[in-house]
Amino acid sequence: MAKILVTGAAGFIGSHTVDLLLAEGHAVVGVDNFRTGRRENLAAALRQPAFALHPLDVAAPGVLAALVAAERPAAIIHLAALVSVPESIANPELNFSLNLQATHLVAEAARAAGVGRVVFASSAAIYGDTAELPIQETAEKAPLSPYGAAKLASEALLLGHGACYGFTVRCHRYFNVFGPRQDPSSPYSGVISIFGRRYQERQAVTIYGDGRQTRDFIAVRDVARANVRAATLPGLVSGAANICTGRATSLLDLADIFARHYPGVPAPRLAPARTGDIVHSLGSPARATAELGFTATTAVAAGLAELIAAPPAAAAP
Ligand code: UD1
């Protein structure tokens, strides 16, 4: 069993990744500055002796490097980020610091301490809106936001470091991730988290556009599995892969699935499409299958049933 350091451990994807690492018997060093991460997400992890949590900021020079030098993990899973595309547009300086500079500091910390592997949370946002569907990893990269640009630059930075200093880098280009612990509080939060809260409150959801737009929704439990595999599977070589299902779900389909769980909730309201909204987004999962042996197994309907049944976050000890 290995020691794995996870940045952004208290976040949506981070906390599920921590839980799975612990379930598989690994020792986990979690790092979070609690800017968007929540301690409650780690309620179960914090009860386990194999988990240590460090409240620190990855973007502050020297801080992570000292921890990595002291802990000497076998791998770092770097998930800490500014996660909102609209926030990156409103505050590109903060995006630079949290999404690019922080990645540089992770790369440097890995180099200095001789960490063997770094797994990085990249995004489908690096492709922009120009690619043919399903999107292959070789598609043109044309990010449409500071967020997408920083994720693309971070991939290059990590892969360059890895090639030069001899560690393996796996970049995970997540598509639309959903599941328990996703924050629904902003209008630009993931649509499934927003729909989940609205249906729970028995309020009509709003669909922007005609509802025929589609996304490749992947359950967070599958994403956590991809992360753990990439951090622990022996013999992996560096590279970048889509983390997606290869299946498209429309917004109308989503609303139908929710409606079956919540009979009597008023039908969705249609509103004008959002400016800049992409109509279809769909990834090809072939490379992740070939290189990582990873395939998403949770169908959207099953993932939604699990989300709807999930208890609200428990208080952290
Ligand atoms: C993602 C980003 C978004 C960014 C965009 C750039 C997330 C959560 N969102 O959006 O910030 O600008 O990539 O490509 O990472 N929708 C509704 N009703 C709602 C909320 C959303 O109909 O209440 C629609 C949206 O208009 C969109 C679809 O649902 O058509 C999915 O929205 P979202 O979950 O924000 O994901 P992306 O559009 O992929």
Side-chain angles (χ1 to χ4, degrees), residues 8 11-14 36 79 81-92 94-95 98-99 121-131 133-135 139-152 172-201 203-220 223 242-245 247-259 265-283 300 303-304 307:
F12 165 48
I13 296 175
T36 50
L79 307 174
L82 180 147
V83 295
S84 159
V85 172
E87 194 177 1
S88 83
I89 295 167
N91 195 343
L94 191 63
N95 170 68
L98 300 189
N99 283 342
S122 185
S123 167
I126 68 169
Y127 295 114
D129 194 14
T130 56
L133 300 180
I135 302 172
E140 190 190 347
K141 317 298 180 295
L144 298 169
S145 64
Y147 173 86
K151 288 293 183 186
L152 183 56
H172 284 178
R173 298 171 181 167
Y174 304 137
F175 278 64
N176 290 65
V177 186
F178 74 97
R181 306 177 192 159
Q182 190 171 28
D183 177 13
S185 59
S186 144
Y188 294 97
S189 297
V191 65
I192 291 182
S193 67
I194 295 174
F195 277 19
R197 178 185 272 185
R198 296 288 292 174
Y199 274 98
Q200 204 179 22
E201 292 169 345
Q203 305 281 328
V205 298
T206 302
I207 291 180
Y208 301 110
D210 63 7
R212 292 181 207 281
Q213 69 265 49
T214 59
R215 294 292 183 273
D216 186 330
F217 293 106
I218 180 164
V220 68
V223 169
N242 294 336
I243 301 298
C244 60
T245 68
R247 287 186 293 270
T249 303
S250 73
L251 275 263
L252 291 173
D253 289 342
L254 264 191
D256 275 350
I257 299 171
F258 272 107
V265 171
R269 284 192 304 248
L270 294 185
R274 282 176 169 172
T275 324
D277 214 10
I278 290 171
V279 181
H280 298 293
S281 170
L282 179 68
V300 169
L304 286 184
L307 172 66

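All values below come from the heavy atoms of this structure, side chains included, with hydrogens, waters and symmetry mates left out. Start at 1 and go down the list; that is how both ligands and their atoms are numbered.
- Only backbone heavy atoms of Thr206 (N, CA, C or O) come within less than 4.0 Å of ligand 1; its side chain stays farther off.
- Smallest separation of non-hydrogen atoms from Tyr199 and Pro268: OH-CG, 4.2 Å.
- When the shell of 6.0 Å around CZ of Arg274 is examined, it contains more than 12 heavy atoms from other residues, nucleotides or ligands.
- For Lys151 (side chain) and Ala121 (main-chain N/O), a donor-acceptor pair under 3.5 Å exists by modelled atom type.
- Without hydrogens or angle criteria, Gln213 side chain to Tyr208 main chain gives a donor-acceptor distance under 3.5 Å.
- Looking at Asp183 and Ser189, their side chains never bring a donor and an acceptor atom within 3.5 Å of each other.
- The distance from ligand 1 to the heavy atoms of Gly190 drops below 4.0 Å at these ligand atoms: 8 (C), 34 (O).
- Distances from atom 1 (C) of ligand 1 to the protein include no heavy-atom value under 4.0 Å.
- Each of the atoms 8 (C), 35 (O) of ligand 1 lies under 4.0 Å from some heavy atom of Ser189.
- With rounding to the nearest 0.5 angstrom, the CZ atom of Arg269 is 11.0 Å from the CD1 atom of Ile207.
- Within the 4.0 Å cut-off (strictly below), no protein heavy atom is located near atom 10 (O) of ligand 1.
- Within a 4.0 Å radius of atom 5 (C) of ligand 1, the protein has no heavy atom.
- Here the protein heavy atom with the shortest distance to atom 38 (O) of ligand 1 is Arg215 NH2, 2.9 Å.
- Given atom 17 (C) of ligand 1, the protein heavy atom at minimum distance is Tyr208 CD1, 3.3 Å.
- For atom 25 (C) of ligand 1, the nearest non-hydrogen atom from the set Asp277, Ile194, Val191, Ile278 belongs to Asp277.
- At a distance under 4.0 Å, a protein heavy atom can be found next to atom 22 (O) of ligand 1.
- Less than 4.0 angstrom separates some heavy atom of Ile207 from each of these atoms of ligand 1: 22 (O).
- A salt bridge is defined here as a Lys NZ or Arg NE, NH1 or NH2 lying under 4.0 Å from an Asp or Glu carboxylate O, and Asp277 with Arg212 fails to meet this definition.
- Which parts of ligand 1 touch Tyr188 is read off a 4.0 Å heavy-atom cut-off, strictly below it: atoms 8 (C).
- The closest donor-acceptor contact from the side chain of Asn99 to the backbone of Ala150 lies at 3.5 Å or more, if one exists at all.
- Near Asn176, meaning under 4.0 Å from one of its heavy atoms, ligand 1 places the atoms 36 (O), 37 (P), 39 (O).
- Taking the six-membered ring where the residue is Trp, Phe175 and Tyr127 present tilted rings, their angle falling between 30° and 60°.
- From the protein, the heavy atom lying nearest to atom 24 (C) of ligand 1 is Leu251 CD1, 3.8 Å.
- Within a 4.0 Å radius of atom 13 (O) of ligand 1, the protein contributes no non-hydrogen atoms.
- Residue contacts with ligand 1: Phe195 is included, with a non-hydrogen atom under 4.0 Å away.
- Residue-ligand proximity, Pro86 to ligand 1, at heavy-atom distances under 4.0 Å covers atoms 11 (O).
- Without hydrogens or angle criteria, Asp216 side chain to Gly283 main chain gives a donor-acceptor distance under 3.5 Å.
- For ligand 1, the atoms sitting less than 4.0 Å from at least one non-hydrogen atom of Val85 are 4 (C), 11 (O), 12 (O), numbered in the order shown with element in parentheses.
- Among the candidates Ile218, Ile13, Asn242, the single residue satisfying the side chain to side chain contact (heavy atoms under 4.5 Å, CB included) test with Tyr174 is Ile13.
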